[in-house]
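Inspection log for the structure reproduced underneath, given as structure tokens.
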Amino acid sequence: MKLSRRSILLGAGSLPFAVASLRTGALAQTAPTAQNAEVPPILFVHGNGEYDALWMTTLWRMESNGVARDRMMAINFTDPNARSDDKVEQAGRSSTEDQRRELAAAIAELKHRAGAARVALVGSSRGGYAIRNVIRNGGAGDVSHAVLCGTPNHGVFATDDQPNNEFNGRGTFLRGLNEGESEVTPGVAFLTLRSDGMDKYAQADGRFIGKPGTPTGVTVEGPELKGATNLVLGALDHREVAFHPRAFREIYKFIAGREPARIAIVPEQSVSLSGLVTGTPGGVSTNRPVAGATVDVFRVDPDTGERKGSAVHSAKTGADGRWGPAQVEPSWFLEFVLTSPDAPTTHIYRTPFPRSSDVVHLRAARPLGPADKDAGAVVIMSRPRGYLGLPRDVVLLDGKEPADVKPGVPTDSAATLRLPAAEAGRNIVAQFAEERIVARAWPASENRIAIAELTY
């Protein structure tokens with residue numbers, strides 16, 4: 001049954017958000033069934049400036065519904081940030097053609113690995129551009145489903161200036177993708193997921209892109225496509241329409257053709273973690289590997305953030321930038337200490353990992369800057385898979401709502417706490433909804449920064 005263009009998923013709000021509790025006895029990884037063997041291989045595509053690790057919780061939920069890990073892949077674009085002018089080369093940034101080429105290669109790799117004729121593609125934000133570009137330009141025969149989550153299909157803005165900016169709805173790139181009576185390619189099933197007014201990149205006023213009072217020429221319906229199944233996921237933000245449990249439900253249902261058996265993540269008895277160390281050369285985030293970085297992993301007390309013994313894993317990256325594997329328990333709170341060339345020592349605090357992952361990517365914190373010159377310690381609360389929305393969410397950093405999180409439409413994925421030198425060394429609580437992380441405020445004088453990184 002085709003859902004209406006403006007369907008609001010009212011029932012989705014009751015879906016479980018917390019990770020399933022670990023029961024006594026064996027709770028092994030859910031095995032693929034004959035039914036799940038019918039689900040096509042799935043390739044996940046991240047957005048602008050981002051990385052494949054954002055799909056970690058989605059991969060866990062897919063595994064918990066019997067989708068085999070080797071039938072899924074998440075691409076890591078080499079240079080994930082878009083150029084300001086798609087036609088002009090820009091250091092550390094990619095063109096639409098760069099992304100199309102890398103995605104086409106990833107599709108071929110997954111097809112070969114899975115022995116499948118076609119794959120399903122799921123993209124967040126800019127990732128949807130690469131998906132549409134591949135399908136429109138010769139790749140339709142390789143793709144069964146295309147799910148576009150918060151993709152600004154009609155632009156972040158639609159004006160007559162910046163014609164070569166890929167985010168311009170009136171620009172060369174998007175006009176090419178959207179031309180014709182139908183905006184989708186026949187033979188591929190298309191689904192779009194969007195917010196009901198809380199997506200900062202689908203706003204009529206330009207204040208969210210630095211131009212307050214200037215009409216953008218787009219609306220909240222900008223991510224929808226003529227010819228697609230278009231769903232509205234309520235008050236989710238730009239990232240949540242890809243990574244929230246509500247989004248998972250619709251992604252799975254569209255690709256598998258049935259409701260998922262569960263939304264919650266089924267824990268494994270033992271967990272293996274590994275990933276990539278990346279950097280920000282010239283201040284631009286890339287997914288290029290960093291060699292010579294040291295990664296130390298500690299188990300910490302969930303109530304104090306203090307370490308419980310020596311490192312459970314220590315490694316130095318080689319040319320491939322990979323670290324791990326680290327063997328941990330699914331109930332452990334962890335501290336990752338990243339010592340990377342030409343960057344602050346970064347202490348990353350995380351809640352327990354219920355399942356294994358090979359995309360636990362680590363990127364050093366930005367250098368201490370002018371705003372930090374009087375700080376004795378700097379603690380950052382980061383939510384990579386969504387924004388911090390006030391008053392929508394419970395957001396507390398050291399017991400207070402962060403002053404640098406703007407109310408209304410969620411626009412901030414991080415909040416920063418700066419402490420005087422006398423308070424360096426004490427513990428700081430970062431709370432978002434039901435997820436709680438206790439981090440230590442390390443001395444800035446030692447060129448250290450702490451990050452409480454939320455998983456959900």
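Starting from 1, each residue takes its place in the sequence as its number.
No side-chain N or O of Thr151 forms a donor-acceptor pair with one of Asn153 less than 3.5 Å apart. One side chain, Arg132 or Asn178, offers a donor N or O that lies under 3.5 Å from an acceptor on the other. Side-chain polar atoms of Arg366 and Thr280 form no donor-acceptor pair below 3.5 angstrom. Ser382 and Glu453 form no side-chain donor-acceptor contact under 3.5 Å, judged by distance and modelled atom types alone.
Legend: residues meeting ring-ring contact (aromatic ring centres under 6.0 Å, His included) with His361, ordered by chain and number and at least two apart, are absent. Under the rule for a salt bridge (Lys or Arg N to Asp or Glu O under 4.0 Å), the partners of Arg392 that lie at least two apart in sequence or sit in another chain are Asp237, Glu240. With sequence neighbours excluded, the residues forming a ring-ring contact (aromatic ring centres under 6.0 Å, His included) with Trp55 are Phe44, Phe243, listed by chain and number. Looking at residues two or more places apart in sequence or on another chain, you find a side-chain contact (heavy atoms from CB on, under 4.5 Å) between Ala441 and Ala377, Val379, Leu419, Ile428. Partners of Asp393 by salt bridge (Lys or Arg N to Asp or Glu O under 4.0 Å), not counting sequence neighbours: none found. For Tyr387, the ring-ring contact (aromatic ring centres under 6.0 Å, His included) criterion is met by no residue, not counting sequence neighbours. Arg363 meets the salt bridge (Lys or Arg N to Asp or Glu O under 4.0 Å) test with no other residue; sequence neighbours excluded. Looking at residues two or more places apart in sequence or on another chain, you find no salt bridge (Lys or Arg N to Asp or Glu O under 4.0 Å) involving Glu102.
Judged by distance alone, the side chain of Asn168 and the main-chain N or O of Asn164 form no donor-acceptor pair under 3.5 Å. For the pair Arg239 (side chain) and Pro384 (backbone), a donor-acceptor distance under 3.5 Å is present. A donor-acceptor pair is defined here as one N or O able to donate and one able to accept, closer than 3.5 Å; no such pair exists between the side chain of Ser314 and the backbone of Val312.
The aromatic rings of His347 and Tyr349 lie parallel to each other, their planes meeting at an angle below 30°, with 60° marking the opposite boundary.
Evaluation of the ring pair (Phe, Tyr, Trp, His ring centres under 6.0 Å) test over residues 85-107, restricted to residues two or more places apart or in two chains, returns none. Among residue pairs with one or both ends in residues 198-218, those qualifying as side chain to side chain donor-acceptor pair (under 3.5 Å) are Asp199-His238; sequence neighbours excluded. For the ring pair (Phe, Tyr, Trp, His ring centres under 6.0 Å) condition, the pairs that include at least one residue of residues 151-171, sequence neighbours left out, are Tyr129-Phe167.
Taking every heavy atom of both residues into account, Ser95 and Asp86 meet most closely at CA-OD1, 3.2 Å. In this structure, Val284 and Gly92 approach most closely via the heavy-atom pair CG1-O, 3.6 Å.
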Pairs of donor and acceptor atoms involving the side chains of residues 140-150, under 3.5 Å and at least two apart or interchain, shall be tabulated with distances.
residue : atom : partner : partner atom : Å
Asp142  : OD1  : Lys111  : NZ           : 2.7
Ser144  : OG   : Val119  : O            : 3.4

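Put simply, the residue from Asn447, Thr294, Leu338, Thr339 that forms a side chain to side chain contact (heavy atoms under 4.5 Å, CB included) with Thr345 is Thr339.
Annotation: side chain of Arg355 is not in contact with side chain of Pro330 (no heavy-atom distance under 4.5 Å).
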